[in-house]
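Quick notes on the structure that follows.
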Amino acid sequence: MFRSALILVLALVATWLTLSGYFKPLLLKLGVISICFVLFLCFRMRILDRETAAYGTLPRTLSYFVWLFVEIVKANMAVVRAVLSPSMEVSPKVVKVPAPQKTDIAKSMFANSITLTPGTVSVNMESDHILVHALLSEMSDPADFAEMGVRSAWAVGEDMGDV
Amino acid sequence: METALGYMFLAGAFALIVSMALMLARLIGGPTLYDRLLAVNSFGTKTVLFLCVFCFIIDRPDGVDIALLYALMNFIATIAVLKFFNYRALDVNLNRVSVKGEDA
Amino acid sequence: MHDPHVLLRVISKFLIPIIALFALYVQFHGDYGPGGGFQAGVILAASVILYALIFGLDAAKKAFPPSWVRIGMTIGVLLYGGTGVVTWLLGGEYLNYSVLAHEASHGQHYGILAVELGVLVTVTTVMIAIFYAFGSRQPETDERDW
Amino acid sequence: MIELVLAATAPSESAVHIDWLSVFRFAGSLISLAAGLFFVLAGTIGVIRLPDFYTRLHAAGMTDTLGAELILLALMFQSGFSQMTLKLVLVAIFLLITSPTATHAVAHAAHEAGLKPLLGPYKAPEVDEGT
């Protein structure tokens with residue numbers, strides 16, 4: 001909990017400086033007061049844990065997002081082609097994707113990555129799999145999802161073996 | 001070049017407004033409640049983009065704060081409306097794990 | 001354990017501190033950009049409301065008790081009015097901040113800070129009070145009625 | 001006389017000098033703005049055209065991800081290294097986090113409420129010219 005609080009404070013300081021951009025003494029003092037208040041509020045809400053302070057693995061997350069961005073661009077091309085063609089041939093399909101991630105945060109990262117790539121939307125989260133609705137049937141390949149699952153789990157600090 | 005830039009962003013703002021108007025058609029005509037919610041959510045995203053572009057045109061960087069706020073409020077509003085329509089009440093705990101939040 | 005709202009919980013927990021910090025940023029940068037006590041109060045209340053939406057009203061009432069709401073509503077108004085009375089006692093008009101410090105501009109700064117803080121506290125607590133009142137309402141219609 | 005001519009030609013010579021950095025920024029923001037608007041409009045057309053709720057989700061997601069990020073990137077190209085760029089990055093991060101979550105929430109609610117997805121191959125109906 002103390003580690004999470006420390007990480008959260010660092011992230012909040014960065015957010016405050018990004019938002020404010022002024023380095024006047026009065027505003028810096030007010031910033032310290034604000035961060036203390038936010039920390040107090042989080043303490044009262046009992047949400048000071050790894051999920052709130054998910055910044056601990058920031059370098060990994062950033063490099064994961066680079067990989068994800070390429071996937072997003074590829075998927076976007078396919079969806080645009082399907083949507084804008086006059087015949088609009090789509091083949092919606094619902095598949096169950098196994099989600100063996102242990103932590104909730106890794107599962108959330110996986111589900112959000114699935115939704116972020118157009119053409120696949122995570123519809124329901126069960127205990128060991130995610131129900132995914134795919135726009136084109138060739139997008140529902142389990143191997144792609146498995147790779148994305150391993151990589152997204154790695155991005156939030158959970159090692160699941162090789163890609 | 002300066003005027004070219006201005007016209008470029010004006011055209012961008014106009015295209016965003018057109019796409020928002022088209023989204024309103026789905027909002028009014030959407031057969032189910034969820035279509036309407038989807039349209040509202042997408043409309044909100046476009047509003048954020050429009051605010052960013054508009055602040056750029058009138059050259060007031062403060063406005064990006066409002067766009068940031070709109071992105072956050074859009075999220076909260078979507079969740080609140082969904083929760084209200086699914087449970088007919090706001091007093092429902094969606095969290096099945098303990099409040100402590102430790103991983104089970 | 002079956003938990004269908006995992007994603008909502010994780011993302012909301014991530015967002016709540018940032019929304020609260022954003023509220024305080026809006027509060028303290030009222031003289032540099034858009035913002036001020038009223039907007040900041042609404043945003044701060046929104047972070048509590050997001051918590052209440054995800055974790056239920058009972059957890060929210062444990063984190064932000066209704067007694068705080070009652071106290072906050074009075075404290076805010078007292079801060080606002082009290083600043084006016086203090087300036088009055090110091091020899092100025094009601095809410096004439098210039099008399100609060102030796103230099104007029106400093107006094108105005110402190111006065112505005114105090115008044116805006118009063119507005120923030122009042123608006124936050126009133127918004128949360130309204131949400132608690134609405135949220136406690138039990139559904140009148142049955143699931144099959146609509 | 002010669003000095004006068006030299007003085008007259010000197011400014012025009014410096015005017016030929018092209019500021020490559022601003023040209024690059026202009027081209028970058030033009031390209032990414034055009035691409036972003038293309039994806040936004042394509043997503044909107046998709047939301048209008050596609051047959052059922054679950055398929056419309058995909059079109060809306062297309063707007064939320066690549067369209068939004070590219071338009072914000074176009075603005076970042078123009079604002080350079082300033083406060084505004086950092087704020088635009090923050091807006092982009094928030095959109096990346098909140099929009100898939102909201103999409104998931106809407107889809108999940110529809111699934112819970114029992115809305116059945118349309119499955120199998122689907123083709124747009126032929127436009128009847130006569131009517």
Side-chain angles (χ1 to χ4, degrees), chain A residues 4-5 8-9 11-22 24 26-31 33-55 99 101 103-112 114-115 122-128 130-131 156, chain C residues 1-35 40 43-52 54-56 58-65 68 105-106 109-110 112-113 116-117 120-121 124 128:
Chain A
S4 303
L8 186 63
V9 165
L12 288 179
V13 167
T15 314
W16 176 271
L17 291 181
T18 305
L19 284 170
S20 162
Y22 291 101
K24 294 180 184 170
L26 178 67
L27 283 176
L28 287 181
K29 272 180 225 159
L30 290 174
I33 293 171
S34 307
I35 288 168
C36 290
F37 178 78
V38 171
L39 212 59
F40 170 70
L41 201 66
C42 290
F43 179 72
R44 288 284 309 180
M45 288 174 175
R46 296 164 183 274
I47 56 171
L48 270 180
D49 56 28
R50 242 191 98 237
E51 291 172 7
T52 308
Y55 311 93
Q101 287 87 351
T103 53
D104 284 353
I105 185 166
K107 270 185 197 173
S108 308
M109 192 80 180
F110 185 33
N112 256 1
I114 290 175
T115 313
S122 55
V123 173
N124 196 6
M125 294 186 68
E126 306 280 346
S127 50
D128 59 344
I130 299 175
L131 203 65
V156 291
Chain C
M1 189 173 181
H2 180 55
D3 184 13
H5 298 289
V6 162
L7 188 57
L8 280 186
R9 193 189 73 228
V10 171
I11 300 296
S12 302
K13 277 166 81 174
F14 181 81
L15 285 177
I16 284 169
I18 298 176
I19 297 177
L21 189 76
F22 186 75
L24 293 167
Y25 157 74
V26 169
Q27 160 81 12
F28 294 129
H29 287 69
D31 35 351
Y32 298 98
I43 303 168
L44 192 57
S47 74
V48 179
I49 287 171
L50 181 58
Y51 180 79
I54 303 297
F55 291 89
D58 289 335
K61 279 182 179 168
K62 249 182 232 161
F64 205 99
W68 289 18
S105 67
H106 278 187
H109 219 112
Y110 294 140
I112 286 174
L113 268 181
E116 290 280 312
L117 199 66
L120 170 82
V121 172
T124 309
I128 292 172

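Order of the sequence lines fixes the chain letters, A, B, ..., with proteins taken first and strands second; residue numbering starts at 1 for each chain.
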### Query
Relative to chain A, which segment of Ile11(C) carries a heavy atom at a distance below 4.5 Å: side chain, backbone, both, or neither?
side chain
### Query
Are the side chains of His29(C) and Tyr22(A) in touch, meaning some heavy atoms are under 4.5 Å apart?
yes
### Query
What part of Tyr55(A) gets closer than 4.5 Å to chain C, counting heavy atoms only: side chain, backbone, both or neither?
side chain
### Message
Please classify the contact between Leu26(A) and chain C as side chain, backbone, both or neither, with a heavy-atom cut-off of under 4.5 Å.
### Response
side chain
### Query
Between Leu39(A), Leu41(A), Leu27(A), Thr15(A), which has the largest tally of heavy atom pairs under 4.5 Å with chain C?
Leu27(A)
### Message
Exactly one of Ile35(A), Val9(A), Val38(A) should register a side chain to side chain contact (heavy atoms under 4.5 Å, CB included) with Pro17(C). Which one does?
### Response
Val38(A)
#### Entry: Parallel, tilted or perpendicular: rings of Phe40(A) and Trp68(C) (30°, 60°)
parallel
### Which atoms of Leu8(C) approach chain A - backbone, side chain, both or neither, heavy atom under 4.5 Å
neither
### Task
Identify which part of Ile16(C) has an atom lying under 4.5 Å from any heavy atom of chain A, answering side chain, backbone, both or neither.
side chain
## Note on the structure
Between Asp104(A) and Val6(C) the two heavy atoms that sit nearest each other are O-CG1, 3.9 Å
### Among Leu7(C), Leu15(C), Ile18(C), Leu44(C), residue most engaged with chain A (heavy-atom pairs, under 4.5 Å)
Leu7(C)
### Message
Counting only non-hydrogen atoms closer than 4.5 Å, does Phe110(A) touch chain C with its backbone (N, CA, C, O), its side chain (CB onward), both, or neither?
### Response
neither
### Task
Please list, chain by chain and in numerical order, all residues satisfying side chain to side chain contact (heavy atoms under 4.5 Å, CB included) with Ile49(C), sequence neighbours excluded.
Leu53(C), Phe131(C)
### Query
So which heavy atom on Ala63(C) is nearest to which on Tyr51(C), and how close?
CB-CE2, 4.1 Å
